[in-house]
Amino acid sequence: MQFRLPRGTQDILPEDQPHWRHVISTAQEMARRFAYGRIDTPVFEQAALFERGVGEGTDIVEKETYTFSDRSNEMMTLRAEGTAPVCRAYLEHGMSSLPQPVRMHYFCPIFRYERPQAGRFRQHNQFGVEAIGDADPSVDAEVIDLGWRFTEALGLKGLSLVINSIGDPECRPKYLETLKAAYQPHLDKVCPDCRMRFERNPLRMLDCKRTDFACQEYIASAPQMSDHLCEGCADHFSKLQGYLTALEIPFRVDSRLVRGLDYYTRTVFEIQPPEEGAQSTVLGGGRYDGLIEQLGGKPTPGVGFGSGIERLVLNVKRQEAALADNADNVVDAVVVSLGEEAAPVAAKLASQLRNGGLKAVLTQPGRSLRGQMRHATAMGARFTLVIGDTEVAAGTAQLKNMDTGDQQEVTLVDVAAVIAKG
RNA sequence: GUGAGCGUGGCCUAGCGGUAAGGCGCCUGUCUGUGGCACAGGAGACCGAGGGUUCGAAUCCCUUCGCUCACCCCA
């Protein structure tokens, strides 16, 4: 085969569409209930938006963006994540003059140059929400609530919500120093990855899974962010937990939960499905109170999440949670013709049925009647219409109900009405 | 970027040194104007690509490309 799809991309075939529709329409309904209006941003943005927004030292920016210079030598990047573009739009369209917070949701493809594996692609689709302009923990709770109800409504079982607070510019740097001080004397005993993290992203050391070094031992005894939150962050986090409890959303606090984007502050959270597997997080997000300022706006808080539609579809399929939706595999009427004269009449009839809103298909004229009937069955026909010389002369068609096998002669003008009845 | 496994018609699978087989699907016929079942038949593969070993390779060896899974990271 000469052409293949690019690595890490996929075709979503007609047979997969019912699952996608299920996920997307559920997401749309949740966004509606929570009053999160839709926003669409371009597929590519100025490269600097992601560099500044996501953070230049992050893996995403450092080695995963699809960046290119266009014909006027401007550096552009295919959307690498959903939040920065929405914040850009918030600033660009003066949304700070709207009632705060501004609530928005989006569906969009995301591009990251990664090695593909189960649940990880170079192009994937996200449903995401952002609430910008309000720092109150009730908004964090609202966003989490939306995400939780969404995944729940998909029919997924055994989900778990993990939350954490990673502090703010006041307390996190101090905590990181404390953490590094605790690791410093033992750097020779932890894994090479952790030694790297020590320099670049110390929080990640707490998330190490390796057991062939002493990492786990030091994780267990490491100082916890939760013990080092400043007063404001601690209060915010405890209020958030109060809201979640009131909303009857089960959650677990995990001090090892960290996110890879630089802009997160205070609240971070993830929703995990029960199945094992490396790339399992189905929805993740948090608060980003410094981002808008970072992008050149005045200090504006925000909170949101992104969810991977491919991963959700994967889980829906695994759990067979989608309702039986075989509407795609059913055709209202298949029109069959016999003889050269009948062919255009049959084509006209099919066209007429479609104009009346029915799903109609014309079989290949010239095939044997048997062959065309077989084809009608394979297409999932509810009704088959047969037109031969006799019918052309009479202005009628033989209408056959494919379930019952009943057949009757119907005039061409009545066909649509008879089919519509049943 | 690192590591492991796998690449046979549209899909799934057999063959593991002697010149490609079966199932599903598709098409045709048994049934000269009637489907779903059954039966018969047909089309469709240079066995991912390149090189090597051999009288002979889908089968063994090397290289390469691709896919998959895991690490890293993330949705």
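We name chains A, B, ... by the order of the sequence lines, and we start the count at 1 in each one.
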Do any side-chain nitrogens or oxygens of [X] fall under 4.0 Å of OP1 or OP2 in [N]?
| X | N | answer |
| --- | --- | --- |
| A/Gln117 | B/C69 | no |
| A/Arg197 | B/C72 | yes |
| A/Arg367 | B/U28 | yes |
| A/Arg374 | B/G36 | yes |
| A/Ser368 | B/G29 | yes |

Please confirm whether any donor atom in the side chain of [X] sits under 3.5 Å from an acceptor in the base of [N], or the reverse.
| X | N | result |
| --- | --- | --- |
| A/Thr377 | B/G36 | no |
| A/Glu391 | B/G33 | yes |
| A/Gln407 | B/U34 | yes |
| A/Lys400 | B/G35 | yes |

Rounded to whole angstroms, how far apart are CZ on A/Arg7 and P on B/C69?
->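 Atom CZ in A/Arg7 sits about 11 Å away from atom P in B/C69.
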
Write down the distance between CG (A/Asp389) and C1' (B/U34), rounded to a whole number of angstrom.
->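 To the nearest whole Å, that distance equals 16 Å.
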
A/His124 aromatic ring stacked with six-membered ring of B/A75, 5.5 Å and 30° |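 According to the criterion (under 5.5 Å, under 30°), yes, A/His124 stacks.
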
Have a look at A/Phe121 and say if it touches a base, only the backbone sugar-phosphate, or nothing, with a 4.0 Å heavy-atom cut-off.
->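 The residue A/Phe121 makes base contact.
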
